[in-house]
Trainee: 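A single structure is presented below for examination.
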Amino acid sequence: MSIEFKDVAALTGAPGLFHVVKADDRAIIVETLDDKKKRQMIRGNMMLSKLTDISIFTKEESAPLVDVLKAIKEKYGTELPVTKKSSKQELMSFLEEVLPDLDKERVYPSNVKKLLGWYDILTAEGVEFELPQEASSDGGDEEE
């Protein structure tokens, strides 16, 4: 079964990423994106962030995470020139290569390390960095 980008989330205080298996008015059930595929129910004191809602600060506004991940994949594929153990300068230079308008005042090396970890998980699971067509703004009302 292939996992769509829109169904992937991060859980505050928990390492890794999660696949949202079920979400309704009564419960949210997630499954780890690893070999164990451990499921858990999200409780009221846990904060779940869908990756589609996450963006990276730029000098103007922000860039959606999916666009940054796409840019990394297009430029490097699965062979990234940095790892989580790279120097702070190397991490920031790497992200600036794929996101030239990066706001270095508000994005930290720890953010880049998390991004690298997520990228590794998502590519290992074969998650495509695409959003469903209905989530895009094709002909819908736009705010300006």
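Keep in mind it's a predicted model, so treat the numbers as computed, not measured. For the numbers below, each heavy atom of this structure counts, side chains included, while hydrogens, waters and symmetry mates do not.
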Trainee: Quick one: hydrophobic cluster around I42, which other residues, with the 4.5 Å side-chain cut-off, linked directly or via members?
Mentor: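 In the cluster with I42 are L11, F18, V20, I28, V30, M46, L48.
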Trainee: Side chains of N111 and L95: does their closest heavy-atom pair fall under 4.5 Å?
Mentor: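 N111 does not reach L95 side chain to side chain.
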Trainee: What heavy-atom pair brings G117 and K84 nearest, and what distance separates the two atoms?
Mentor: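 Heavy atoms of G117 and K84 come nearest at CA-CE, 3.8 Å.
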Trainee: Roughly how far, to the nearest 0.5 Å, is CG of D101 from OG1 of T58?
Mentor: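 Going from OG1 on T58 over to CG on D101, the span is 4.5 Å.
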Trainee: Quick one: CG on D120 to CG on L115, what's the gap to the nearest 0.5 Å?
Mentor: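 One finds 9.5 Å between CG of D120 and CG of L115.
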Trainee: State whether the number of non-hydrogen atoms from other residues, nucleotides or ligands found under 6.0 Å of Y119 atom OH is greater than 12.
Mentor: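 Counting neighbours around OH of Y119, more than 12 heavy atoms of other residues, nucleotides or ligands fall under 6.0 Å, so yes.
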Trainee: Near K38 NZ, under 6.0 Å, is it more than 12 heavy atoms from other residues, nucleotides or ligands?
Mentor: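 Incorrect, the count does not exceed 12.
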Trainee: Report yes if some heavy atom in the side chain of K37 is under 4.5 Å from a heavy atom in the side chain of H19; otherwise report no.
Mentor: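 No, side chains not in contact.
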Trainee: Passes side-chain contact (heavy atoms from CB on, under 4.5 Å), L51 versus L122? Steps please.
Mentor: CA-CA 11 Å; L51 294 192; L122 293 167; 4.0 Å; yes
Trainee: Before giving the answer on salt bridge (charged side-chain N to carboxylate O under 4.0 Å, His left out), spell out for K50 and E4 the whole-Å C-alpha distance, their side-chain angles and the decisive distance to 0.1 Å.
Mentor: CA-CA 12 Å; K50 297 277 260 204; E4 292 185 32; over 6 Å; no
Trainee: Any side-chain heavy atom of L102 within less than 4.5 Å of one from I56?
Mentor: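 Yes; the side chains approach each other to less than 4.5 Å.
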Trainee: Quick check: are there more than 12 heavy atoms from other residues, nucleotides or ligands sitting under 6.0 Å from CG of D24?
Mentor: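 Counting neighbours around CG of D24, more than 12 heavy atoms of other residues, nucleotides or ligands fall under 6.0 Å, so yes.
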Trainee: To the nearest 0.5 Å, what is the distance between OH on Y76 and CD on E74?
Mentor: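 If we round to the nearest 0.5 Å, Y76:OH and E74:CD are 12.5 Å apart.
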Trainee: Between E96 and K59, is there a side-chain N and carboxylate O pair less than 4.0 Å apart?
Mentor: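 Here E96 does not pair with K59 in a salt bridge, since their nearest N and O are not under 4.0 Å apart.
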Trainee: What are the two closest non-hydrogen atoms of L17 and I121, and how far apart are they?
Mentor: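 For L17 versus I121, the nearest heavy atoms are N-CD1, 4.0 Å.
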Trainee: Could you pull out the closest heavy-atom pair between V98 and A71, with the gap in Å?
Mentor: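 Closest approach of V98 to A71: O-CB, 3.9 Å.
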Trainee: Taking C-beta and beyond as the side chain, do T123 and F129 meet within less than 4.5 Å on heavy atoms?
Mentor: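 Of all side-chain heavy-atom pairs linking F129 with T123, at least one is under 4.5 Å.
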Trainee: For the atom pair OG (S93) and NZ (K104), what is the distance rounded to the nearest 0.5 Å?
Mentor: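 Separation between the atoms: 7.0 Å.
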Trainee: Indicate yes or no: at least one non-hydrogen side-chain atom of V8 is less than 4.5 angstrom from one of W118.
Mentor: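 Not touching, per the 4.5 Å side-chain cut-off.
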Trainee: Looking at E90 and V82, what are the two nearest heavy atoms and their distance?
Mentor: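 Smallest heavy-atom distance, with atoms named: O-CG1, 3.8 Å.
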Trainee: How long is the straight-line distance from OG1 of T52 back to CD1 of I54, given to the nearest 0.5 Å?
Mentor: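 With rounding to 0.5 Å, CD1 (I54) is 8.0 Å from OG1 (T52).
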Trainee: With side chains defined as the heavy atoms from C-beta onward, is the minimum distance between E128 and K73 less than 4.5 Å?
Mentor: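 When only atoms from C-beta onward are counted, K73 and E128 do touch, with a gap below 4.5 Å.
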Trainee: State, to 0.1 Å, how close V68 and A63 come at their nearest heavy-atom pair, and which atoms those are.
Mentor: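 Closest heavy-atom pair between V68 and A63: CG2-CB, 4.0 Å.
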Trainee: Looking only at heavy atoms, which two atoms of E31 and V21 are closest? And how far apart?
Mentor: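 Nearest heavy atoms, E31 then V21: CB-CG2, 3.7 Å.
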